[in-house]
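Below you'll find the structure, written out as structure tokens, and then a few comments.
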Amino acid sequence: MSKTTCELDALIFGGGVAGLWLLDELHRRSFCALLIENRALGAGQTITSQGILHGGLKYALGGFLSGAAQAVGEMTDLWRQCLEGRAQPDLRGVRILSPCCHLWRTEALASKVGLTAARFGLRTPVVKVAPNERPPALARCPGEVLRVDEQVIDVGSLLKELAHRHADRILNIGDSNDVTFTLIKPGHVETVELRREDSTAILLVKPGVIIFTSGEGNAELRRCVGLSPEVMQLRPLHMVMVRGSLPELFGHCVDGNKTRVTITSAVDTLGRTVWHVGGEIAEKGVQMSTTE
Ligand SMILES: Cc1cc2nc3c(=O)[nH]c(=O)nc-3n(C[C@H](O)[C@H](O)[C@H](O)COP(=O)(O)OP(=O)(O)OC[C@H]3O[C@@H](n4cnc5c(N)ncnc54)[C@H](O)[C@@H]3O)c2cc1C
């Protein structure tokens with residue numbers, strides 16, 4: 001069995017959008033970095049995402065003006081620049097499914113207030129849509145329909161775009177049992193022993209820094225390096241998918257200070273539209289059976 005030793009500036013665990021973006025950033029800054037994935041790139045939340053480049057609607061509806069809310073608002077600008085090739089990473093190859101999302105509301109008075117809060121609280125431009133310019137699905141919707149400049153991207157094309165330029169810096173290891181950390185003390189790793197899924201060769205890495213971008217997998221990795229796994233946030237969702245002869249729709253239905261549903265559209269292999277329905281229904285749906 002052969003063993004190769006290498007020193008790296010950074011070792012990243014997890015090839016979702018966070019890890020891949022970070023790998024790209026580090027590489028552009030001339031750091032020597034390697035990304036480890038134990039399933040398929042994006043196999044966590046990223047590939048199931050609705051692909052909306054959020055402008056902070058959730059925070060605007062709730063009236064939160066925290067630093068995080070502001071940072072989320074600023075992200076739409078950064079994404080736009082990257083998608084247009086004006087900032088790095090250059091994401092001109094990513095498919096844009098919709099240039100905007102629409103906002104509509106339930107009939108409750110609180111929803112009217114919510115929509116007004118969105119109109120004035122969002123950093124991303126929000127405009128009222130004239131009745132004859134509404135998307136067909138919202139033609140008979142009560143109250144105003146607004147358009148917010150949140151783009152929606154095809155997440156698969158984002159993963160491909162980031163991954164293809166770093167193919168030789170990404171290692172698929174398959175099962176996590178093929179990783180062994182040697183610790184100096186809890187939280188301080190001296191070496192990481194890695195075994196490729198399709199090989200018996202061992203790679204012994206001495207990383208300057210290790211970054212866990214493994215989503216749900218972070219808890220176990222933290223445990224492996226002697227850190228508390230409890231700090232990881234879990235936010236399960238139970239998405240609803242509606243398939244049929246449906247009009248294309250991208251947007252959020254405001255219900256008080258919540259989004260009752262967030263709908264994005266895709267097309268299946270038979271050319272039928274599939275609505276991916278997230279928002280409150282997906283959060284509450286975790287408690288429900290599939291039939292409910
Ligand atoms: C249904 C749904 C819809 C969403 N819609 C949106 C949206 O419209 N807009 C938006 O901004 N956000 C959305 N999100 C949230 C968004 O998808 C996540 O915030 C984002 O994808 C998190 O990316 P990540 O890279 O941190 O984690 P993940 O995408 O979960 O990636 C983690 C990666 O780490 C790998 N991994 C796990 N354990 C290990 C290990 N031990 N070793 C190596 N690799 C490991 C996994 O296989 C995976 O590839 C949505 C989420 C869900 C679930």
Side-chain angles (χ1 to χ4, degrees), residues 11-25 34-59 68-69 71-76 78-79 94 96-98 100-101 124 148 150-156 158-159 162-163 170-181 192-197 205 210-225 227 229 232-241 250-252 259 261-266 274-286:
L11 184 62
I12 304 168
F13 282 85
V17 64
L20 288 168
W21 188 295
L22 177 64
L23 178 66
D24 189 80
E25 183 83 30
L34 179 71
L35 184 145
I36 308 297
E37 169 58 49
N38 75 347
R39 284 188 286 164
L41 296 174
Q45 288 204 17
T46 300
I47 202 65
T48 60
S49 152
Q50 289 185 275
I52 300 172
L53 304 176
H54 289 293
L57 176 65
K58 189 164 74 173
Y59 305 106
V72 168
E74 284 165 9
M75 286 305 287
T76 48
L78 175 62
W79 276 98
V94 174
I96 298 173
L97 299 178
S98 175
C100 64
C101 283
T124 318
V148 55
E150 286 179 338
Q151 294 168 296
V152 185
I153 57 164
D154 171 40
V155 180
L158 169 68
L159 286 168
L162 286 172
I170 297 174
L171 190 68
N172 202 307
I173 50 153
D175 198 325
S176 325
N177 292 336
D178 290 340
V179 181
T180 313
F181 295 95
V192 186
E193 200 176 275
L194 303 163
R195 219 165 299 195
R196 257 183 93 104
E197 196 176 19
V205 180
I210 295 182
I211 304 141
F212 294 151
T213 52
S214 296
E216 234 181 309
N218 278 356
E220 177 58 17
L221 285 166
R222 283 179 60 87
R223 200 190 54 71
C224 290
V225 300
L227 295 174
M232 293 312 305
Q233 182 204 39
L234 289 179
R235 197 171 143 261
L237 296 172
H238 194 161
M239 298 286 289
V240 177
M241 299 220 243
F250 295 89
H252 315 272
T259 48
V261 292
T262 289
I263 298 178
T264 50
S265 304
V274 183
W275 279 358
H276 294 186
V277 188
E280 274 277 281
I281 197 171
E283 288 172 24
K284 289 190 179 153
V286 172

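When a ligand or atom number is given, it counts from 1 through the structure's own listing order. For the numbers below, each heavy atom of this structure counts, side chains included, while hydrogens, waters and symmetry mates do not.
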Atom indices of ligand 1 within 4.0 angstrom of Met239 heavy atoms, with elements: 1 (C)
Interatomic distance, CG@Leu194 vs CD1@Ile36, rounded to 0.5 Å, equals 4.5 Å
Quick check: Gly19 and ligand 1, any N/O pair under 3.5 Å apart? no
Run the numbers for me: atoms of ligand 1, each under 4.0 Å from some heavy atom of Ile52, listed by number. 7 (C), 8 (O), 9 (N), 10 (C), 11 (O)
Element-labelled atoms of ligand 1 that are located less than 4.0 Å from some non-hydrogen atom of Leu221: 40 (C), 41 (N)
Tell me whether Gly278 reaches ligand 1 (any heavy atom closer than 4.0 angstrom to a ligand atom). no
Test item: Val192 and Leu11 side chains (from C-beta on) under 4.5 Å apart, heavy atoms: yes
In terms of atom number and element, which parts of ligand 1 are under 4.0 angstrom from non-hydrogen atoms of Gln50? 3 (C), 4 (C), 5 (N), 6 (C), 7 (C), 8 (O)
Closest to atom 41 (N) of ligand 1 among Asn38, Leu53, Ile173 (heavy-atom distance): Asn38
Counting only heavy atoms, which portion of Thr213 has something under 4.0 Å from ligand 1: side chain, backbone, both, or neither? backbone
Which of the atoms in ligand 1, numbered in the order shown and given with their element, are less than 4.0 Å from a heavy-atom of Arg39? 46 (C), 47 (O)
Taking 4.0 Å as the limit for heavy-atom contacts, which would you say applies to Leu237 with ligand 1: side chain only, backbone only, both, or neither? side chain
Scan side-chain atoms only and decide if Glu150 and His252 contain a donor-acceptor pair under the 3.5 Å cut-off. yes
SG of Cys101 to CG of Leu57: how many Å apart, nearest 0.5 Å? 9.0 Å
Does Gln45 approach ligand 1 within less than 4.0 angstrom via side chain, backbone, both or neither, non-hydrogen atoms only? both
Quick one: pull up NZ in Lys284 and CG in Leu237 and give me the separation to the nearest 0.5 Å. 13.5 Å
Have a look at Val277, Val179, Thr46, Thr264 and point out the one with the heavy atom closest to atom 29 (O) of ligand 1. Thr46
What do you reckon, does Thr48 have a nitrogen or oxygen under 3.5 Å from a nitrogen or oxygen of ligand 1? no
Is any side-chain heavy atom of Thr76 closer than 4.5 Å to a side-chain heavy atom of Leu78? no
Backbone, side chain, both or neither: what part of Ala282 comes under 4.0 angstrom of ligand 1, heavy atoms only? neither
Pair Gln50-Thr264, side-chain donor/acceptor within less than 3.5 Å: yes
For ligand 1, note which part of Glu216 has a heavy atom under 4.0 Å away: side chain, backbone, both or neither. neither
Would Gly217 count as a polar contact of ligand 1, with the cut-off being nitrogen or oxygen pairs under 3.5 Å? no
Would you call the rings of Phe13 and Phe212 parallel, tilted or perpendicular, taking 30° and 60° as the class edges? perpendicular
Mark up the atoms of ligand 1 that fall under 4.0 Å of a heavy atom belonging to Ala40, in ascending order. 49 (O)
Between the CD atom in Glu216 and the CG atom in Leu234, the distance rounded to the nearest 0.5 Å is 5.5 Å
Gap between atom OG1 of Thr213 and atom CG of Leu35 - 0.5 Å precision: 6.0 Å
OG1-CG distance between Thr46 and Leu20, expressed to the nearest 0.5 angstrom: 8.0 Å
Examine Gly215 against ligand 1 and note whether any of their N/O atoms are separated by less than 3.5 Å. no
Can you list the ligand 1 atoms lying under 4.0 Å from a non-hydrogen atom of Gly14? 33 (C), 34 (O), 35 (C), 43 (C), 44 (N)
Below 4.0 angstrom, N of the basic side chain to O of the carboxylate: do Arg195 and Glu193 qualify? yes
Would you mind listing which atoms of ligand 1 come within a distance below 4.0 Å of any non-hydrogen atom of Ile36? 43 (C), 44 (N)
